[in-house]
Amino acid sequence: MKSIEEINHIKNKENRRKLYKKYLRIKRRERRKAEFLKRKVVAEQGPDAWPTKPVRSIEGEREDEETAVHDAQEEEIVIEEAIDTYKEYYQKEAKPKVLLACTSRPHSRTITFLKELKRVIPNSYVKWKANAKIKQLGIAAHLRGFTDIIVINEDNKKPNSLLLTHLPEGPTAYFRLSGVKVCKELRKDPNDIMKMRPEVLLNHFTTRLGRQVSRMLGAVFHYSPNFKGRRVCTFHNQRDFIFFRNHLYQFRSEEKVGLRELGPRFTLKLMWLQEGVMEGDYEWVYKPREQETSRTRFVL
Amino acid sequence: MQNDDVTWSIINKHHCSYKIKTETQWFCRNQYNVTGLCNRKSCPLANSRYATVREKKGVIYLFIREAERVYTPHKEWMRIKLSKTFITALQQIEDNLVFWPNYFKQKCRQRLLKITQYLARMRKMKLNNTKKLVPVRRKVERRLEKREEKALIAAKLDNAIEKQLLERLKEGTYERIYNFPKQAFDVRLNEEEMEEELEEDVEELKKQQKLAIKEEEEEVEEVQDEELREELERGIVRMQRNQESDEDSDMAEYDYSDDESIDDDGDEVGDDEDEDDGEEDTEETGHVEYVADFDESEDEEQERDIEDLPESLSSASAAAASSSVHKKSKAGPSSQLVRKLDTMLRNDMDSDDDMRAQDEIKRAKYAPQKALNPGAKATFRKKLIKRKIRAIYERQKAEKEKSKVKVRR
């Protein structure tokens with residue numbers, strides 16, 4: 001049999017076609033033989049006998065980040081986290097109180113999303129921000145005991161970004177919101193989201209920046225969850241996209257869990273992270289031209 | 001002057017590049033035009049002596065042109081910066097255009113007013129309106145959308161979440177709440193043992209508590225105390241185990257059938273797995289924590305025993321029960337389970353039918369009640385009252401009709 005390159009070099013179309021068809025036929029035959037063989041071997045010796053082709057995935061080929069956190073107990077990290085603005089929360093002294101707001105003249109879609117967020121996050125309050133500035137909001141809210149502010153921005157009748165600030169002088173994170181699905185679109189009843197404090201899962205935050213972001217997101221929920229409520233809120237980071245899901249779980253056995261999704265869904269992508277409430281240095285900014293040159297390099 | 005007239009006659013009738021004709025009016029696009037209209041008086045090309053007010057980058061200037069300077073376009077316009085205060089600016093215009101025709105002074109003043117107004121508005125808007133219009137980078141948006149989709153597929157969220165939860169279970173964060181057996185088959189044997197032990201234990205408990213109280217009063221420390229305490233603890237732990245088994249069965253029987261998304265293995269013997277393994281708990285003694293939802297088990301065998309339970313247990317259980325979200329009374333686990341397993345072991349088809357019949361009876365008796373509203377009793381009373389009132393009203397109505405009828409006759 002001729003190789004495909006040789007076949008391609010034949011100028012005569014008729015001859016070329018014939019040879020190509022023959023080539024395809026032979027290829028198909030060989031593939032079927034291989035499958036047959038594989039099935040036979042697997043049936044005799046079990047699935048491990050046949051070597052599987054290595055699967056290439058972006059996660060597998062991800063470039064090592066300098067700032068990747070390998071050991072959470074590393075001195076540097078421990079010290080840093082003992083001093084940063086979330087230390088009171090993580091030492092279980094400060095209970096979070098969250099202020100939810102959206103920009104002026106919101107569309108009904110944003111409003112329903114806000115209301116569902118209020119149900120998801122325990123101890124949260126929805127207030128209309130109108131044209132107030134976030135810095136001023138921050139000062140006023142801090143006086144009233146709020147620890148975090150979440151502002152949802154709207155564009156073209158859809159919520160399109162989420163700003164998370166920690167008061168009094170906490171970091172500000174600006175996320176791009178996408179894939180927002182409200183309870184109604186998921187055919188779920190928002191009243192199913194019970195008031196019990198949920199558990200929080202923060203998956204796959206590997207770098208230092210990711211660790212910071214995950215701390216921010218986790219600190220919005222109360223630190224001691226109500227296990228009886230069996231509610232989980234997950235922030236799952238995959239390729240710099242943070243997927244949020246809200247589930248009710250039930251253990252069927254030691255190896256099986258049943259999940260029921262309730263409540264809204266959305267994905268976040270970090271756009272910038274700033275020290276201070278809307279002021280201060282930018283710790284990290286999303287720059288597509290510089291950062292998206294490689295498919296296997298991620299930041300969170 | 002001659003030039004002006006000539007220019008005007010040409011521009012007016014023929015072509016002027018600054019001229020814009022609309023249905024009602026003619027406009028002039030020239031930057032230096034005071035009014036913006038195409039008139040003999042306000043045309044900058046046709047008036048060699050001209051004055052305007054213009055602003056650049058928020059600074060307002062008065063521009064003056066004299067007939068002598070028309071032929072040196074570079075030095076044509078004399079520029080005078082006007083004061084930021086409106087009144088002083090007015091005065092400045094007056095001073096610079098002292099002997100000019102009133103037309104120009106008036107128009108310049110009007111223009112100054114308009115400009116200051118719109119500048120002030122711009123500044124106010126900047127202060128208030130914090131929204132910044134940002135252009136949408138089409139390619140970036142497209143890329144991000146695609147990448148999000150692919151990331152979602154790669155994430156396999158449900159699997160990841162389940163994995164994490166199971167890890168947490170293994171680590172022991174849910175230590176007190178869930179108990180899973182190592183082998184489901186031992187359950188039945190343990191169950192029987194436990195039931196027997198329970199009955200014994202409860203009687204013992206009663207005795208022991210009385211004794212304990214007496215001994216406390218007497219304040220006599222004897223060797224018996226320790227033994228009693230141990231036995232008490234053991235008994236209480238067994239109580240707790242039973243409660244937990246109840247609670248687990250509650251969970252197992254909770255109606256998740258409506259939810260299609262949960263992985264369901266179908267009704268299988270898997271329910272047994274939620275039962276206790278007595279072996280695991282014997283290690284934990286002394287620590288009494290009423291964590292599980294305790295619903296009164298409907299099992300006839302155990303009913304008697306539970307009524308006899310010490311008051312402390314019952315009060316704690318009541319508190320736990322009131323706080324539970326799923327208020328459903330369910331049949332006790334052990335009896336059902338035991339019977340299921342019995343039938344399995346015996347492989348007896350007749351007993352299966354019996355069991356089914358018994359099950360149906362039980363279900364009818366102890367069917368899961370609808371969750372009552374907290375104000376259910378009150379509303380029910382109201383309904384009763386309403387019914388009574390209605391009955392009285394109708395009686396009166398009937399009487400009235402009778403009386404009416406009589407009168408007619």
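In what follows, chains carry the letters A, B, and so on, assigned in the order in which the sequence lines appear, proteins first and then strands, with residues in each chain numbered from 1.
Side-chain contact between A:V257 and B:I161 is absent, with no heavy-atom pair separated by less than 4.5 Å. By the 4.5 Å heavy-atom criterion applied to side chains, A:Q238 and B:L152 are not counted as neighbours. Within the 4.5 Å cutoff, no side-chain heavy atoms of B:K139 are placed close to those of A:P288. Using a 4.5 Å cut-off on side-chain heavy atoms (C-beta onward), B:E162 and A:K256 make no contact.
Between B:L165 and A:F251 the shortest heavy-atom distance is O-CZ, 3.7 Å. Looking at every heavy atom in both residues, A:F241 comes nearest to B:A151 through CD1-CB, 4.0 Å. Closest approach of A:E254 to B:L166, counting heavy atoms only: O-CD2, 3.4 Å.
Counting heavy-atom pairs closer than 4.5 Å to chain B, the top residue among A:E199, A:R295, A:H204, A:E59 is A:E199. Note: B:Q164 leads B:K170, B:K163, B:Q164 in heavy-atom pairs under 4.5 Å with chain A. Contact tally against chain B (heavy-atom pairs below 4.5 Å) for A:I58, A:N153, A:N131, A:N203: the top residue is A:N203.
Residue A:R176 touches chain B through its side chain alone, counting heavy-atom pairs closer than 4.5 Å. For chain A, the nearby part of B:R143 is the side chain; its heavy atoms alone come within less than 4.5 Å. Both the backbone and the side chain of B:K150 come within contact range of chain A, judged by heavy atoms closer than 4.5 Å. Proximity to chain B (any heavy atom under 4.5 Å) is restricted, for A:Y286, to the side chain, taken from C-beta onward. Only the side chain of B:L157 comes within contact range of chain A, with heavy atoms under 4.5 Å apart. Contacts of A:T103 with chain B are made by side-chain atoms alone, with heavy-atom separations under 4.5 Å and no backbone atom involved. For A:H247, the part lying under 4.5 angstrom from a heavy atom of chain B is the side chain only. Of the two parts of B:L127, only the backbone, made up of N, CA, C and O, holds a non-hydrogen atom closer than 4.5 Å to a non-hydrogen atom of chain A.
Between the side chains of B:E145 and A:S178, no donor-acceptor pair of N or O atoms lies under 3.5 Å.
Counting non-hydrogen atoms of other residues, nucleotides and ligands closer than 6.0 Å to NZ of A:K127 gives a total of 12 or fewer.
Salt bridge annotation for A:E292-B:R147: present, with a cationic side-chain nitrogen under 4.0 angstrom from a carboxylate oxygen.
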